Amino acid sequence: MSRTAGPAPATLILLRHGQSLANAQGRFTGWTDVPLTPRGEDEARTAARLLVRDGLRPDAVHTSVLRRSIRTADLVLAELDRAWLPVLRTWRLNERQYGALAGRPKSEVRREVGDDRYRELRRSVTARPAPSPPAELALLRADPRYARLRPDAIPPAETFADVVARITPYWTDELAPALRAGRTVLVVAHGNALRALIAVLDRLDDAAVERLNVPTGAPLLYALTGDLRPVAAGGRYLDPVTAHAAAAAVAAEGH
Ligand SMILES: O=C(O)[C@H](O)COP(=O)(O)O
């Protein structure tokens, strides 16, 4: 008797945008819509060449609504000669809303609040930064890219747990169905958005979340089983030596 084949394995590629102006300046970014630096654009092209080297050809692309992720995806698709691919853009893949920390130098914040609180603000699951100043929050709430959101749905500041909560529906409703349909899905997003997605994929506990850092411009491949479980926890960076060194540098930011 022939066994019915189970669902096919799936391929998910996670990519944090290339270096941004705020990254280069050592500042918290959050929902601030900063551009890539020239180095960040080169990181995007290098990431695309790694995908080509490994025979990876995305046929579904998702970004946030922030230009650093949109531009990174555009550069990758151009390098892959797939500029024709439709790209889905969503606020749910935005970076964590860092509230009053956005725009502030990380080293200044660390000196102000101390090493323990600084680490807690960046990497704990439940720490909530002070809210964005009212004028900045009003600008976010008036931004046309969030026009379909209720104004009170624009968070004044997010915990990491909040990011997980807003990304999970996107995983369930958009990414997982595309993967089950056999698409090679590329998600171009942000450090904490991808940390949240990885936490969901690998079912990370809080301690593991706190240790997790995602570098810019480093393609992370998740081979998934038919039921969308990672074949290897943590996935596999296409250039692991560079990625792991860059992840350590992310952890050390502000010091
Ligand atoms: O929003 C930011 O500041 C960065 O992109 C992520 O910063 P973090 O690594 O300090 O969370």
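Atoms within each ligand, like the ligands themselves, are counted from 1 in listed order. Model, not experiment: these values are computed from the prediction.
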Asker: Verify the ring-centre separation between Tyr170 and Trp91: is it less than 6.0 angstrom?
Answerer: no

Asker: In the protein, which heavy atom is nearest to atom 1 (O) of ligand 1, and how far is it?
Answerer: Gly30 N, 2.9 Å

Asker: Considering only the protein, which heavy-atom contact is closest to atom 3 (O) of ligand 1, and what is its distance?
Answerer: Thr29 N, 2.7 Å

Asker: Verify the distance criterion only: is there a donor paired with an acceptor across the side chains of His255 and Tyr118 at less than 3.5 Å?
Answerer: no

Asker: Please report which non-hydrogen protein atom sits nearest to atom 7 (O) of ligand 1, along with the residue it belongs to and the distance in Å to one decimal place.
Answerer: Lys106 NZ, 3.1 Å

Asker: Residue-level breakdown please: for Asn192 versus ligand 1, do any non-hydrogen atoms fall below 4.0 Å on the side chain, on the backbone, on both, or on neither?
Answerer: side chain

Asker: Any donor-acceptor pair under 3.5 Å linking the side-chain atoms of Gln19 with those of Thr216?
Answerer: no

Asker: Measure Arg16 to ligand 1 on non-hydrogen atoms and call it side chain, backbone, both or neither using the 4.0 Å cut-off.
Answerer: side chain

Asker: Are Arg117 and Glu120 within salt-bridge range, i.e. N to O under 4.0 Å?
Answerer: yes

Asker: Going by atom types only, do Arg123 and Asn213 share a side-chain donor-acceptor pair under 3.5 Å?
Answerer: yes

Asker: How close does the nearest protein non-hydrogen atom get to atom 11 (O) of ligand 1, and which residue and atom is it?
Answerer: Tyr98 OH, 2.6 Å

Asker: About how many Å separate CG of Leu56 and CG of Leu238, when rounded to the nearest 0.5 Å?
Answerer: 6.0 Å

Asker: Number the atoms of ligand 1 from 1 as they appear, then name those within less than 4.0 Å of a heavy atom of Arg123, with their elements.
Answerer: 8 (P), 9 (O), 11 (O)

Asker: Considering only heavy atoms of Glu95, which atoms of ligand 1 have at least one such atom less than 4.0 Å away?
Answerer: 1 (O), 4 (C), 5 (O), 6 (C)

